[in-house]
There are 4 protein chains.
Amino acid sequence: RDVGRVIVTCPDRPGIVAAISGLLFRHGANITELQQYSTDPFGGTFFLRIEFHREDLADGLPEIEAALAGLAEGRSMRWRVTTPAVRRRVAIFVSKADHALRELLWRTQTGELEMDVRMVVSNHQDLRDTVAEWAVPFHHVPVGPESRDDAERRALALLTGQVDLVVLARYMQILTPRFLGAFPDRIINIHHSFLPAFVGADPYSAAAQRGVKLIGATAHYVTAELDAGPIIEQDIHRVDHRHSVADLRRIGRHVERAVLARAVGWHLQDRVIVHGNKTIVFA
Amino acid sequence: RDVGRVIVTCPDRPGIVAAISGLLFRHGANITELQQYSTDPFGGTFFLRIEFHREDLADGLPEIEAALAGLAEGRSMRWRVTTPAVRRRVAIFVSKADHALRELLWRTQTGELEMDVRMVVSNHQDLRDTVAEWAVPFHHVPVGPESRDDAERRALALLTGQVDLVVLARYMQILTPRFLGAFPDRIINIHHSFLPAFVGADPYSAAAQRGVKLIGATAHYVTAELDAGPIIEQDIHRVDHRHSVADLRRIGRHVERAVLARAVGWHLQDRVIVHGNKTIVFA
Amino acid sequence: RDVGRVIVTCPDRPGIVAAISGLLFRHGANITELQQYSTDPFGGTFFLRIEFHREDLADGLPEIEAALAGLAEGRSMRWRVTTPAVRRRVAIFVSKADHALRELLWRTQTGELEMDVRMVVSNHQDLRDTVAEWAVPFHHVPVGPESRDDAERRALALLTGQVDLVVLARYMQILTPRFLGAFPDRIINIHHSFLPAFVGADPYSAAAQRGVKLIGATAHYVTAELDAGPIIEQDIHRVDHRHSVADLRRIGRHVERAVLARAVGWHLQDRVIVHGNKTIVFA
Amino acid sequence: RDVGRVIVTCPDRPGIVAAISGLLFRHGANITELQQYSTDPFGGTFFLRIEFHREDLADGLPEIEAALAGLAEGRSMRWRVTTPAVRRRVAIFVSKADHALRELLWRTQTGELEMDVRMVVSNHQDLRDTVAEWAVPFHHVPVGPESRDDAERRALALLTGQVDLVVLARYMQILTPRFLGAFPDRIINIHHSFLPAFVGADPYSAAAQRGVKLIGATAHYVTAELDAGPIIEQDIHRVDHRHSVADLRRIGRHVERAVLARAVGWHLQDRVIVHGNKTIVFA
């Protein structure tokens, strides 16, 4: 209730925290969480995330936004104000694997993920019944070698104006720049390796081949270059010589779903800021 | 160079961040790190740690302190300003085990721990040569069943006015309230279990007896109640049925030294605030 | 296909591995996994787990068992032969929390847990629909202050002859010795703390109160003494001062379900041997 | 005392464990630890490590070896018998960083690493005094762009016939095939990344550039291809956007020394078997 967030990015210089915290105080807000980071206190880029409580937030928000707009003017300051009261609308893309999807749906139901899953989109029919259990619309958009462009157009039509975030929960198709352009820094993928190791297809086979002693998973924003977008979260699990590729896949599922869920959770709470090809995560 | 820190504890109410960040800005300081925590935004206790850069810090410090004193007046605000330029003076207490001591001395030498080890105090002679390698004074203060009071008096005489922090790096003696009273919230102990499991002597034997699958270590401030002081840091290591008590001791050493070193490091950077019997750690 | 397991416990003395591996060889079995442990090579207790492949296992099993019985005679040797082809029949007990239950059902469906969930028993109705999705019978056995004996009798009647293993997946009732006696070393509970810390009710509140920096979960066999049975598996998750009791509960769920699932999986594969109040886990 | 180890590699087929455990039994040995692995029970490669106790081992060893030689004949079986009583002679190569070296020397002193450090070889003088504290010979073998071949010849002359294992404890020079050929599967390197990510020079800069959320270290046997040899052990540590390259180096040191020490310890206990470009680690 009555919780707001301010996210700010601007060139670093003295007085920014004072200015914004002063502004919030004058508008009746009590800061409950504040995190900041500067790439370089001398001429770097400054990032700020503030969570605050303000009674009758809805009434006060327009004033706060107006004041921030005034402050931002002439300072190259990018800012936004959000509130968990407005839940993000999310589309989850899957292929055949259910683990990441189930985790997201379950954490949404328990309230751990504050989002509104508007639809699940899949190039296969396999998970239709699973999705039905959670009362979420399921759209089958098959993708063939000939129909890729067409499929993407269909998917985009489903999403446009309907969702704020796209989560690729083991969706095994590559998206075109056109699709990516429609959701800049708003498409999260889970890659089943510890990037940048094992970019591309079938990383568990590659991991088994190389004889690694840990396998990992990486949640990242999708960019045009395959598996090279800004990393949000990573984690690993210990394996040994006894584990077959099938074992790695099985173990890896648990890492994948946890890493993806954490990344999505941070995104929903505006804790992730993309800066170049990296992320600042105010976890 | 020119880095300062402000640590503040006070009743929570709107405007504190604005007031202090404004004060720092007016005195030429640029905030480089800010962390805050409130036990309860409505009437709880508020904790703040700010790290800032201010050119010619030594010149500006008196003004900043005066301004903070003014601000604090009438607000039940406890505050202090510190600077890494003034290194803490530390005494390390040991018995016979060398692992925690070596870790602290090595991390001090590499600059990872910003402290000035003034002396090592031990109830045994075993580590005299080890300490000599690091050019740190070694004081042998034997403790017998009869001589305990006397020994503590001797230790206190060595410390008084000479050190700001006491680290018990596997010192196997219990300290009296008189000793503890001389260094409130400034004696850090490493206990070789995951507290509150296995309070007291020989926790590894107790752990083996219970058949736990993880062993741990806990760094905490020492209070009058044994192993019950505010916890600063804990960590664990996986073990299994094959591990004897001797194995647990051997494995545990690695956990102990890492946990103690992290706790001491955070203390030295004023990242640990004691609140009742708990700590806020702005890591 | 055609996989068997031999589990042996006996007084340690030279030649046991030779005798049993020789016996298996003579009966056409190829050892694919072998683990052993001795509490003391001189007069201790010896534990052995062998997994083997034997073509047409069903045909060969009676002979192998007869040969083992012969070998065991006069050696105080306890042994059993099992095969994953005979799936364990399992009852899952729950109260209101769904996370551990869902994990077990999901891992059963994916084949990661090789068991046959015969029923879910609960003292509440809350999870009836969840269980229905997985096509598993749900039995509501309410437990009131007056009806406890009666409820246990009803539960026992459901289980007797029907299940080989009982899993308490956050079942918030204490079982009587009569119930425990019906399933010796075959009731697995998940306790939501790092035992032996925080025995008893509401461990997350106790953890928050003590200010620990890690929370944990413990899977153990249930014995008459509360939370004191042989530990099978434990794990932890890092927390800090910002986490409320509700946060600990939320975070803890993920640890609990993983720890319980691992423990159940090892039990099903006969990897856990109880010895006194400890377990040997051939993971 | 009186502990021996048998390490066997051969084509998998039924009866190997029976044959070797029978052989050991007939020669008075009691198996205290046994681990085996097969790449494929049908026609794969079989690996076996047995640790045994045999009274008056020195007397019995020739017979055991003769019997094994007989068994091996005509079975393509490679085998060796070792005993911890014969400590491996080790040369540690370093450049300027002291952390991995100190860890190895300290763990040797405490008995955790059962080895005999015969010499430290360095292309710099920086660590001469550190080594002197441990009473280990220090050899300065400078390596220049012109003198590389010469330097290697000097190093080889120091090692030949004197050491059984070479540990590169952050030795920042590449070795030639001639050098590697003199110590096949007996040169262990610690690479300061989670291989195969960040092969080559300055992996921490590369990690910072890529924005990874975990940094790692990898201990591996050195082969002709840079950073591509069989991996023995890996581990990671969590980092975030606040960590500079210098921070990663500092944090990474702790991971590097732990990973290297574990790998060396397993090697010394004959727990690591190289198979193609992978390792079987009977940890």
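Throughout, protein chains are lettered first and strands after them, A, B, ... in sequence-line order, and every chain is numbered starting at 1. Because the structure is predicted, anything quoted here is derived from the model rather than measured. Computation of the quantities below employed the complete heavy-atom set of this structure, encompassing side-chain atoms and omitting hydrogens, waters and symmetry-equivalent molecules.
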If you tally heavy-atom pairs under 4.5 Å against chain B, which of G229(C), S193(C), A207(C), A283(C) wins?
G229(C)
Does anything in residues 210-217 of chain B get under 4.5 Å of chain C by heavy atoms, and if so which residues?
R210(B), G211(B), V212(B), K213(B), L214(B)
With chain B as the partner, which of Q209(C), H220(C), H275(C) has the greatest number of non-hydrogen pairs under 4.5 Å?
Q209(C)
Taking atom CZ of R238(B) as the centre, does the number of heavy atoms from other residues, nucleotides or ligands within less than 6.0 Å exceed 12?
yes
Taking side chain as C-beta onward, heavy atoms only, is T39(B) less than 4.5 Å from H241(C)?
no
Which atoms of T279(C) are under 4.5 Å from chain B, going by heavy atoms: the side chain, the backbone, both sets, or neither?
both
So, taking the atom named CG in D235(B) and the one named CD1 in I236(C), what distance separates them when rounded to the nearest 0.5 Å?
6.5 Å
So, the part of D240(C) with a heavy atom under 4.5 Å from chain B: the answer is neither
